[in-house]
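Here is the structure we will look at.
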Amino acid sequence: MSMVFSGQVALVTGAAAGIGRATALAFAAEGLKVVVADLDVAGGEGTAMLIREAGGDALFVPCNVTREADVQQLMARTLEAYGRLDYAFNNAGIEIEQGRLAEGSVDEFDAIMGVNVKGVWLCMKYQLPLLLAQGGGAIVNTASVAGLGAAPKMSIYSASKHAVIGLTKSAAIEYAKKKIRVNAVCPAVIDTDMFRRAYEADPKKAEYAAAMHPVGRIGKVEEIASAVLYLCSDGAAFTTGHALAVDGGVTAI
């Protein structure tokens with residue numbers, strides 16, 4: 001089972017921090033050239049700088065994944081810099097909702113669906129032709145355990161991640177015979193800046209987050225990055241259309 005990469009190009013959205021940054025660094029550590037995309041210019045440049053300081057090759061491209069022109073420009077810059085695209089990790093997403101379904105606002109709905117669903121759709125729309133021209137490749141989309149079941153007080157977010165899995169499975173079947181694999185990774189609670197902002201101010205919430213996972217802790221960004229690299233690697237050559245739960249056992253309960 002090979003996890004070996006050689007000379008390829010990977011694109012990561014939402015790469016300024018958290019899971020996106022960890023995955024960009026993991027791709028670079030395997031010798032891939034990495035296109036780092038994010039709205040956060042300082043964070044995105046920081047990720048690219050970390051890669052270059054470690055001896056890797058990285059390009060930062062500012063991108064709002066909800067804007068078609070930005071996504072088109074992202075793909076154009078990728079081709080201009082590296083001439084190809086082999087792997088894409090569509091990770092950009094937001095999580096702003098904290099209330100019951102009837103308490104949600106239209107603005108929340110539009111924002112969450114815009115980034116989490118439209119953003120993934122737009123990215124795949126313009127990545128797939130590049131992968132076809134290259135003769136194949138792999139795409140991984142960030143979904144969530146909230147896309148595999150219910151998420152009380154996060155109904156819009158949950159719906160958006162169910163939609164990501166639907167896009168993933170549909171694209172996987174459409175392109176299965178074109179040597180393009182499309183999968184999703186479904187994290188539970190992961191130790192990111194977003195998690196710290198939400199829970200560190202209240203230790204009881206942090207304890208609850210750890211206890212909800214059968215393994216007794218929350219996940220690490222590097223553990224999600226490892227799953228993404230596996231899904232892109234030849235070791236996962238027979239895996240497509242799959243939503244991989246990386247969740248410390250949450251969905252097994």
Side-chain angles (χ1 to χ4, degrees), residues 3-16 19-20 23-28 30-39 44 47-48 51 56-93 115-143 164-185 225 228-237 239-242:
M3 282 279 283
V4 177
F5 300 90
S6 60
Q8 295 109 327
V9 177
L11 185 157
V12 180
T13 69
I19 292 169
T23 305
L25 294 174
F27 273 129
E30 293 294 329
L32 281 79
K33 301 175 179 66
V34 183
V35 180
V36 174
D38 206 291
L39 265 179
T47 299
I51 291 172
D57 190 343
L59 167 71
F60 170 65
V61 181
C63 181
N64 180 339
V65 295
T66 70
R67 296 178 180 172
E68 185 174 23
D70 278 25
V71 175
Q72 289 175 304
Q73 177 68 7
L74 174 60
M75 302 311 153
R77 292 283 304 279
T78 298
L79 287 183
E80 179 184 335
Y82 299 124
R84 61 189 289 163
L85 177 65
D86 299 279
Y87 309 108
F89 179 37
N90 297 316
N91 171 68
V115 178
N116 294 1
V117 183
K118 181 183 178 183
V120 170
W121 173 75
L122 274 174
C123 285
M124 286 202 294
K125 174 178 172 64
Y126 290 102
Q127 290 159 356
L128 285 162
L130 302 189
L131 297 181
L132 284 170
Q134 188 61 36
I139 294 173
V140 179
N141 299 318
T142 296
V164 169
I165 292 173
L167 288 171
T168 298
K169 289 179 177 289
S170 298
I173 299 307
E174 290 174 359
Y175 293 90
K177 293 183 179 179
K178 300 294 185 181
K179 298 182 180 179
I180 297 174
R181 296 182 298 102
V182 188
N183 293 288
V185 64
V228 174
L229 262 65
Y230 164 69
L231 289 172
C232 288
S233 75
D234 289 344
T239 303
T240 194
H242 182 60

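Quick caveat: nothing in here was measured; it's all calculated off a predicted structure.
With contacts defined as side-chain heavy-atom distances shorter than 4.5 Å, the pair Glu30/Gln8 does not qualify. Within the 4.5 Å cutoff, side-chain heavy atoms of Val71 are placed close to those of Cys63. With contacts defined as side-chain heavy-atom distances shorter than 4.5 Å, the pair Leu59/Tyr82 qualifies. No side-chain heavy atom of Tyr230 sits less than 4.5 Å from a side-chain heavy atom of Cys232. Using a 4.5 Å heavy-atom threshold, the side chains of Val36 and Val61 count as separate. For the pair Thr13/Asp38, no side-chain contact is recorded, criterion being any heavy-atom separation below 4.5 Å from C-beta on. Taking 4.5 Å as the limit, some side-chain heavy atom of Leu85 sits within range of a side-chain heavy atom of Leu131. Contact of the Val164 side chain with the Thr142 side chain is not registered, since no non-hydrogen atoms from C-beta on lie closer than 4.5 Å.
With hydrogens and angles ignored, the 3.5 Å screen pairs a side-chain donor or acceptor of Asp86 with a backbone N or O of Val9. Judged by distance alone, the side chain of Thr66 and the main-chain N or O of Val115 form no donor-acceptor pair under 3.5 Å.
In plain terms, the two heavy atoms of Val228 and Val185 that are nearest each other are CG2-CG1, 4.2 Å. Here the closest non-hydrogen pair linking Lys33 and Gly7 is NZ-O, 4.2 Å. Closest non-hydrogen pair, Leu167 versus Val117, comes out as CD1-O, 3.9 Å. Residues Ala58 and Ile51 approach most closely at CB-CG2, 3.7 Å, considering heavy atoms. In this structure, Arg77 and Phe60 approach most closely via the heavy-atom pair NH2-O, 4.1 Å. Ala16 and Gly44 get closest at one heavy-atom pair: CB-N, 3.5 Å.
From Leu229, atom CG reaches atom OG1 of Thr23 across 7.0 Å, with rounding to the nearest 0.5 Å. Here the straight-line distance linking atom OG1 of Thr240 with atom NZ of Lys169 works out to 9.5 Å at 0.5 Å rounding. Summarising the geometry, atom CG belonging to Leu11 is positioned 5.5 Å from atom CE belonging to Met75; distances are rounded to the nearest 0.5 Å. Atom CD1 in Ile139 sits 11.0 Å away from atom CZ in Arg181 (nearest 0.5 Å). The CZ atom of Phe5 sits 6.0 Å away from the CG atom of Leu32 when rounded to the nearest 0.5 Å. With rounding to the nearest 0.5 Å, the separation of CG in Asn64 from CG in Asp70 is 5.5 Å.
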Requested in this report: Kindly determine whether Met124 and Val120 satisfy side chain to side chain contact (heavy atoms under 4.5 Å, CB included), including the steps that lead there.
Outcome: CA-CA 6 Å; Met124 286 202 294; Val120 170; 4.1 Å; yes
Query - Criterion side chain to side chain contact (heavy atoms under 4.5 Å, CB included) on Asn183 and Thr239, from CA distance to verdict - result: CA-CA 8 Å; Asn183 293 288; Thr239 303; 3.7 Å; yes
Requested in this report: Output, in order, the C-alpha distance, side-chain angles, deciding distance and verdict of side chain to side chain contact (heavy atoms under 4.5 Å, CB included) for Glu80 and Thr78.
Outcome: CA-CA 5 Å; Glu80 179 184 335; Thr78 298; over 6 Å; no
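At most 12 non-hydrogen atoms from other residues, nucleotides or ligands lie less than 6.0 angstrom from CZ of Arg67.
Looking at Asn141 and Asn90, their side chains do bring a donor and an acceptor atom within 3.5 Å of each other.
Aromatic ring orientation, Phe27 versus Tyr87: parallel (interplanar angle below 30°, classes split at 30° and 60°).
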